[in-house]
Amino acid sequence: MYAVPALAYTNSTISHSEQSKEGNFDVNSLELNEVGVLRVLTTMRDDPYLALSFLKRIEGNGDSLPSVSAYAAVIRIVCSWSLDEKLSSLFVGIIRKGDQGRGFSVVDLLNAVGDAEEDEKLSFLLRSRVSSALVKAYAEVEMFDEAIHLFWGIDQLRWDADADTYLVVVQALYRKGDGEGVEKFHSKLLSSETRKHCGFYMDFIEGLCVNEMSLVGYILLRPLRDANILVDESDLATAYGKVVKGLCNEMKLEEAESALHDMEECGIDPDVSVYSAVVEGHRKNMSFSKALRFVNDKVAQKGERIINPVIASSMLQCWCQMGKFSEALDQVVAFRNLNITLDRFCYNVAFDALIKLGRVDEAVELFREMTCEGIDPDVVNYTTLIGGCCQHGRCGQAIDLIMEMESKGKPPDIVVYNVLAGGLARNAENAYGVLKLMEDRGVKPTSVTHSMVIQGLIVAGKIDEAEALYQSLEEDKPGGNVAGGIVKGYCEAGRLDEAFERFIRLDFPLPKNVYFTLFASLCAAKDIDKAQKLVERMWELGVEPVKSMYGKLIGAWCRVGDVRKAIRFLKVLKGREIVPDLFTYTIMIKTCCRLNKLKQADALFRDMKKRGIRPDVVTYTVLAKNNPEEIDTDMKTCGVKPDVFYYTTAINTYYRLNNEKRARAAIQEMKRGGIVPDVATYTALINSYYRLNNRKKAYDLFLEMKRRRICPDVVTYTVLLNHDPKLDVKREMRDLRIKRDVHYYTVLIHHKCKTGEVEEAERIFREMKESGVEPDVVSYRAIIAGCLRNGYVRDAKRFFQEMREKGIEPPPAEASKNVVLLHTKSNTERRVSRTKIQEALY
DNA sequence: CTAGGGTTAG
């Protein structure tokens, strides 16, 4: 080998690989001058790792740091082995150390590397590779300016960089908000002078998508296509697919759908997995109906074949997450009729739906059918069923199922045992039996097991037993799991005060979900003072609350109409340097508007802008309810795009303010913007026309919406009935499976009272309660007023009594002020009926 | 860790 002369310096004859393993070059014992170092490095051409460790040794040596040529030599070796990452980390080291004491700059180094190569082509490649690595190194140590600067420098020298480098640079440009740079970058990428291989662009786009910059990928796709850079059909399909999926991962569903649209417009048939990404994206975004609509549209276009088990299970989950369990089951039936294959995930959602509806036997039955279809149930399927049985008190059945698992050679895991143990405990059955069983099977209970049992015991009312178990597990405290079980148990048992007392006494942190459960229960029970104390206690214990809790707390204060406390908490946050987010500001502004504190709303709006939080279309929608004209211009200057929600509010508000001209203009603008009206928009319009006494136009709109296959909802029918009580909509509503709500019943009651049919009104009131719809203040007020007006004083008193017993209070005085503003017409009438009620009752 | 917006009733 060519290394013979150098071996003399090492004073050794060991092989390269052994040396690299040990890294045992004893530099210290050698007197090496620069020439010597270079000669040693020449011998290491075939062992980059050895060269690197050799360099490190010299660096560590102290008195004579490696020269620029020594670095250049190592870099050339590492480069020739394509060890790009090593190269970058070498540069990171050099950059971190800075220039001091080294005597050369990074540019010197770059030149030294390139100059040493005589072959022009090789020199070009070498320089390109090295500068790429250097750009990446700068980005890694967050010296973005240097990275960008160097990148443009490479450009001038006509070197080239790889896709990863482009990625790092575009990331840096966006991060710095350098619009001009971005522009320049994009045109460089597309210019014919610097045209690269197709593979480069594919790598670059993929890189954008995995680094959460899919939007940039989307922006580039069309120009790349137009510039004939991406021409190959299958490449285009891949690139588009990655961009759509990337956008879905980043929750940019609107953009994802529009990218998909572009894709289809170019005649590319997307892979089904692209569709499923969109569906899942919508679902994760909690836009369930959008997810379902998307599938329906695609099915209409391409037929049912696009529904694979993944899409099917997403759809089923959408129904369930909307709480529409029977609809989920109808969907299962539909899938089966269409011969769409379902997998165990789909079936699992179906079991869950049946269980939620209390149809445990049918769940088990379906489980058997699934098995007959040749789908082998897994441990998750069993867990769902066993948990479901326990939830409905079918402990025997649950135990049978766990035995079945064993007999079929599917040993239950810790999760199944935990679910069963907790389930038995909450049914006041013997949970210790499960613990015993676990012991026999060699599955060790964890603190989660104990936590679930304790929680179950509390739900079953066996407080002493739970406490005794807790005491016996004292040493289990660290994770806080078991104590958390106690708190959650009290929460679930509806004993919130005890849960809170328990929680406040604990001086160690609990699992985060415990805080969240208690917090959510307190908010739901409107015990917001305690919810706030909980947050403060978390701070004391050094547990960082989930950021959403701040917004939720403020939202809770807002919901009960206590803006003062909301603002006070906002100040506490300010003191802790926590900036409220867009959500929080929006709900505060909404509440101020609702309570007619318009100045306060405006102040908040300005404050959020000042603190760099950009209002979005939701914020503007909230504000549009008050002064639509001013808000409209502000929104448009800020570049926020209106959507259906916004237009519906604007149109409705203009009509309410009798500004028909602006209302019509808004409708036109909406149409021009390609925004399609939906149920709510139509309903608002129908209502407005009724109020303008244009009954024909109102009803025509109702027919039009149905023609356009926009399904009316309970609000639409409520509006219709409110203005035209004689309409018979019962059948239609039943066919469309529209559930009646408080508003709907209240309109009926009010109408019957007006025509003196008090008994009929009372019957409807009863029907409402029987169908599980809780009457609220408004409905009570309607029935009470109706009874009084028609001389049914005793009935009125009875209803009044009932209302009080339910703890239903009239809304705070401030709130009704705004109501007065919104419904000027009926105001006097209402005031009369209210005094009448009071006169009659006291 | 799900949080904020539109249409209806007194």
Side-chain angles (χ1 to χ4, degrees), chain A residues 284-286 321 511-517 519-520 523 545-556 558-559 580-591 593-594 608 615-625 642-653 655-656 670 677-688 690-691 705 712-723 740-751 753-754 768 775-786 810-811 816 819-820 822-823 825-827 829-834 837:
Chain A
K284 286 189 183 134
N285 228 355
M286 314 288 266
Q321 281 182 274
K512 288 222 169 174
N513 70 56
V514 181
Y515 296 108
F516 205 86
T517 307
F519 178 79
C523 286
V546 188
K547 245 207 141 187
S548 70
M549 285 171 81
Y550 303 133
K552 274 200 154 184
L553 185 63
I554 287 174
C558 288
R559 228 158 288 129
D581 59 11
L582 177 60
F583 281 61
T584 311
Y585 270 113
T586 307
I587 194 177
M588 294 259 339
I589 292 171
K590 180 192 150 111
T591 311
C593 289
R594 181 166 64 90
M608 74 182 284
D616 69 357
V617 61
V618 180
T619 323
Y620 282 109
T621 307
V622 169
L623 285 160
K625 271 190 171 172
D643 62 4
V644 218
F645 283 72
Y646 176 82
Y647 279 119
T648 306
T649 310
I651 294 165
N652 198 49
T653 310
Y655 272 123
R656 219 181 52 217
M670 178 171 82
D678 65 4
V679 222
T681 321
Y682 269 104
T683 307
L685 282 172
I686 291 169
N687 191 44
S688 297
Y690 270 126
R691 295 195 350 164
M705 75 183 279
D713 64 6
V714 63
V715 185
T716 320
Y717 288 105
T718 308
V719 168
L720 245 45
L721 279 182
N722 189 30
H723 296 95
R740 290 165 287 182
D741 65 0
V742 217
H743 288 120
Y744 179 89
Y745 282 113
T746 309
V747 165
L748 290 187
I749 290 164
H750 186 237
H751 171 249
C753 288
K754 242 180 172 167
M768 165 167 74
D776 65 359
V777 220
V778 186
S779 32
Y780 270 111
R781 201 174 279 164
I783 190 83
I784 293 170
S816 43
V819 175
V820 170
L822 294 177
H823 307 277
K825 249 189 187 170
S826 51
N827 184 28
E829 191 193 337
R830 184 170 53 249
R831 201 172 291 155
V832 172
S833 64
R834 211 182 289 171
I837 298 172

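The sequence lines fix the lettering, A, B, ..., with proteins before strands; numbering per chain opens at 1.
Rounded to a whole Å, the NZ atom of A:Lys625 is 14 Å from the P atom of B:dG4. The CG-P distance, from A:Leu748 to B:dT8, rounds to 17 Å in whole Å. One can place CE of A:Met286 at 14 Å from C1' of B:dG4, the figure rounded to the nearest angstrom. Atom pair A:Met588:CE and B:dG5:C1' shows a separation of 16 Å (rounding to whole Å applied). Spacing between atom CG of A:Asp643 and atom P of B:dT7 amounts to 13 Å, rounded to whole angstrom units. Residue A:Asp678 contributes atom CG, which lies 9 Å from atom C1' of B:dT7 at whole-angstrom precision. Rounded to an integer number of Å, the gap from CZ of A:Phe645 to P of B:dT7 is 11 Å. Whole-Å rounding puts the A:Met549 CE to B:dT2 C1' distance at 13 Å.
Between B:dG6 and A:Asn652, no contact under 4.0 Å exists linking OP1 or OP2 to a side-chain N or O. Listed pair A:Lys284 / B:dC1 fails the phosphate criterion, with no side-chain N or O lying under 4.0 Å from OP1 or OP2. Considering only side-chain N and O atoms, A:Lys590 lies under 4.0 angstrom from the phosphate OP1 or OP2 of B:dG5. Contact check, A:Asn687 against B:dT8: a side-chain N or O comes under 4.0 Å of OP1 or OP2. In terms of phosphate contacts, A:His750 brings no side-chain nitrogen or oxygen within less than 4.0 Å of OP1 or OP2 of B:dA9.
Residue A:Tyr646 is in base contact, counting any heavy-atom pair closer than 4.0 Å across all strands shown. Within the nucleic acid shown, A:Ile686 has no heavy atom closer than 4.0 Å to any nucleic acid atom. Counting any heavy atom pair closer than 4.0 Å across all strands shown, A:Val714 reaches no nucleic acid atom. Within 4.0 Å (heavy atoms only), A:Thr619 reaches at least one base atom of the nucleic acid. Note on A:Thr681: a base of the nucleic acid sits closer than 4.0 angstrom, heavy atoms only. Looking at heavy-atom distances under 4.0 Å, A:Ala680 makes contact with a base. A:Thr649 comes within 4.0 angstrom of the backbone, heavy atoms only, and of no base. Across all strands shown, A:Gly555 has no heavy atoms under 4.0 Å from either base or sugar-phosphate atoms.
Across B:dA9, B:dT8, B:dG10, the shortest atom-to-atom separation from the side chain of A:Val715 is found for B:dT8. Taking only side-chain atoms of A:Ala782, from C-beta outward, the nucleotide of B:dG10, B:dG4, B:dG5 with the closest atom is B:dG10. Among B:dC1, B:dG4, B:dG10, the nucleotide with an atom closest to any side-chain atom of A:Arg781 is B:dG10.
By the stacking rule of 5.5 Å between ring centres and under 30° between planes, A:Phe516 stacks on the base of B:dC1.
Side chain A:Asp616 to base B:dG4: a donor-acceptor pair is found below 3.5 Å. Checked by distance alone, A:Thr621 brings no side-chain donor or acceptor within 3.5 Å of a matching partner on the base of B:dG4.
Taking A:Tyr515 as the reference, nothing meets the side-chain hydrogen bond (donor to acceptor under 3.5 Å, both in side chains) condition, with sequence neighbours excluded.
Proximity of A:His743 to A:Val778: side-chain heavy atoms (C-beta onward) are nowhere separated by under 4.5 Å. Residues A:Lys590 and A:Cys558 have side chains not in contact (no heavy-atom distance under 4.5 Å, counting atoms from C-beta outward). Looking at A:Met549 and A:Phe519, their side chains come closer than 4.5 Å, going by heavy atoms from C-beta outward.
Shown here for A:Thr683 and A:Thr716, the closest heavy-atom pair between the two residues is OG1-OG1, 3.0 Å. What you find for A:Asn652 and A:Ala684 is that their closest heavy atoms are OD1-CB, 3.9 Å.
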Evaluate the criterion side-chain contact (heavy atoms from CB on, under 4.5 Å) for residue pair A:Phe583 and A:Lys547; output intermediate values, then yes/no. CA-CA 11 Å; A:Phe583 281 61; A:Lys547 245 207 141 187; over 6 Å; no
